[in-house]
Colleague: 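My structure is below; once you've seen it, I'll send some questions.
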Amino acid sequence: MPAVQTDSSAAHGFRNAVLTGACGGLGQALARQLIAQGAKVALLGMHEPALAELAALAPERTRSYRIDVADSQAMQAVAQDWLAFAGMPDLVIANAGVASGFDTAQAEDLQVLRRMLEINVLGPATTFQPFVQALHNHGASRCALVGVASIAGWRGMPGNGAYCASKGALIRYLESLRAEWRTTPVSVHTVCPGYLRTALTAHNQFAMPGLMEPDAAARTMLARIAKGHTHIVVPRRTGWLSRLVNCLPDAWADALLRKQPRKARWGQSGSNPIPGLDAHRDTELRAKTK
């Protein structure tokens with residue numbers, strides 16, 4: 001595949017980016033746009049063919065890493081390699097995340113909650129940590145730390161407690177980190193997408209108002225991050241709708257949300273894969289069939 005051409009007119013000024021969740025719909029859109037801008041991009045994800053396809057767009061400016069974002073030792077090694085190759089990034093996007101339905105009455109769903117918290121909350125902190133340490137040790141330079149949360153973190157939704165809890169926790173973590181670095185060149189940005197047309201939403205049976213294409217969401221994100229916006233909702237109209245629901249009395253909002261079909265639980269038809277849990281389940285199934 002030929003190397004992608006740089007489109008300097010579309011550049012938002014980021015020259016060195018680290019991106020987790022690069023294999024998903026939003027992640028691939030962000031990666032392609034950053035590469036097209038001429039940035040050096042560290043591509044972190046779990047699907048090697050997708051990583052290889054992205055890296056081939058600009059092999060001289062990219063490196064790909066297959067990594068579990070909750071593995072701090074592996075992330076330290078990735079950071080050291082990238083810092084040696086490209087220097088300090090001016091953009092770190094913690095985009096990796098998983099989603100699944102959740103039922104507290106089911107004991108097997110507790111491992112889903114645990115793993116979702118590892119990826120969706122511990123993952124961003126693990127991603128940021130080595131770069132924040134480098135900024136602390138060598139003097140803060142211009143750097144945008146971006147956490148991709150969700151409007152699902154604004155309110156709990158029936159059958160989606162694990163995901164809502166993880167994204168709500170991520171929003172609060174980012175608020176804390178933003179306050180810590182407020183008077184420095186380091187900025188912290190909270191991105192709350194609504195519904196994007198990706199694998200995470202492909203099997204949803206409930207209404208998804210304002211469904212947005214990942215390419216459009218990525219363009220909006222990068223533009224608003226470059227302008228210094230610390231709270232970004234894409235698309236905005238979905239955010240306003242969610243805020244409107246939150247203005248209702250709890251009983252009314254709960255009744256409205258309870259009418260919607262629930263997201264498939266892990267292991268059910270139409271459910272999303274969860275790295276770490278899927279491999280464990282496959283091993284158990286193979287053991288049972290022997």
Side-chain angles (χ1 to χ4, degrees), residues 20-21 24 46 68-71 94-126 147-176 190-196 198-209 211 238-239 241-285 287-288:
T20 70
M46 296 291 289
D68 179 341
V69 293
D71 185 335
N95 172 64
V98 293
S100 175
F102 179 78
D103 186 349
T104 303
Q106 307 302 319
E108 60 268 25
D109 279 16
L110 295 177
Q111 63 181 330
V112 174
L113 173 60
R114 180 182 299 109
R115 185 60 177 148
M116 204 172 297
L117 291 171
E118 288 178 350
I119 296 173
N120 293 358
V121 185
L122 180 60
T126 301
V148 179
S150 170
I151 60 171
W154 298 0
R155 182 184 186 89
M157 294 184 287
N160 212 13
Y163 184 69
C164 293
S166 69
K167 292 302 185 178
L170 176 56
I171 290 170
R172 296 296 174 257
Y173 163 69
L174 294 168
E175 286 178 351
S176 300
T190 303
V191 179
C192 290
Y195 297 109
L196 305 184
T198 69
L200 290 182
T201 62
H203 298 286
N204 288 351
Q205 299 299 310
F206 46 82
M208 295 187 288
L211 185 65
T238 307
L241 180 60
S242 182
R243 290 187 179 96
L244 179 62
V245 171
N246 287 342
C247 289
L248 297 174
D250 283 344
W252 293 9
D254 291 345
L256 178 66
L257 294 172
R258 280 172 59 87
K259 293 178 181 178
Q260 297 294 319
R262 295 193 175 191
K263 191 171 182 68
R265 293 170 47 237
W266 176 69
Q268 291 181 330
S269 175
S271 64
N272 299 122
I274 299 180
L277 291 188
D278 291 300
H280 178 67
R281 179 181 59 187
D282 292 344
T283 300
E284 287 186 335
L285 289 175
K288 290 179 180 178

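Every heavy atom of this structure was used, including side-chain atoms; hydrogens, water molecules and symmetry mates were not. Position 1 is the first residue of the sequence; numbering continues from there.
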Colleague: Between Thr126 and Val69, is any pair of side-chain heavy atoms under 4.5 Å apart?
Modeller: no

Colleague: Between atom CD1 of Ile274 and atom CE of Met116, what is the distance when rounded to the nearest 0.5 Å?
Modeller: 4.5 Å

Colleague: May I ask you to test the Arg155-Asp254 pair for a side-chain heavy-atom distance under 4.5 Å?
Modeller: yes

Colleague: Could you report the tightest heavy-atom contact between Gly97 and Ile119, atom names first, then the distance?
Modeller: CA-CG2, 4.0 Å

Colleague: Within the 4.5 Å heavy-atom criterion, are Val121 and Arg172 side-chain neighbours or not?
Modeller: no

Colleague: If every non-hydrogen atom of Asp109 is compared with every non-hydrogen atom of Asp103, which pair is closest and at what distance?
Modeller: OD2-N, 2.8 Å

Colleague: For the residue pair Leu277 and Val112, establish whether any side-chain heavy-atom pair is separated by less than 4.5 Å.
Modeller: yes

Colleague: Tell me the closest heavy-atom pair linking Ala149 and Cys192, and the distance in Å.
Modeller: CB-SG, 4.1 Å

Colleague: Quick one: pull up OG in Ser176 and CD1 in Ile171 and give me the separation to the nearest 0.5 Å.
Modeller: 12.0 Å

Colleague: How close do Tyr163 and Ser100 get, heavy atom to heavy atom, and via which atoms?
Modeller: CB-O, 4.4 Å

Colleague: Hey, what do you get for CZ (Arg115) to CG (Asn120), rounding to the nearest 0.5 Å?
Modeller: 10.0 Å

Colleague: So how far is it from Ser166 OG to Leu117 CG, rounded to the nearest 0.5 Å?
Modeller: 6.0 Å

Colleague: How long is the straight-line distance from CG of Asn160 back to CZ of Arg265, given to the nearest 0.5 Å?
Modeller: 12.5 Å

Colleague: Under 3.5 Å, side chain of Thr20 to main-chain N/O of Asn95, donor-acceptor pair present?
Modeller: yes

Colleague: With side chains defined as the heavy atoms from C-beta onward, is the minimum distance between Trp266 and Gln111 less than 4.5 Å?
Modeller: yes

Colleague: So, does Lys167 use its side chain to make a donor-acceptor pair with the main chain of Trp154 at under 3.5 Å?
Modeller: no

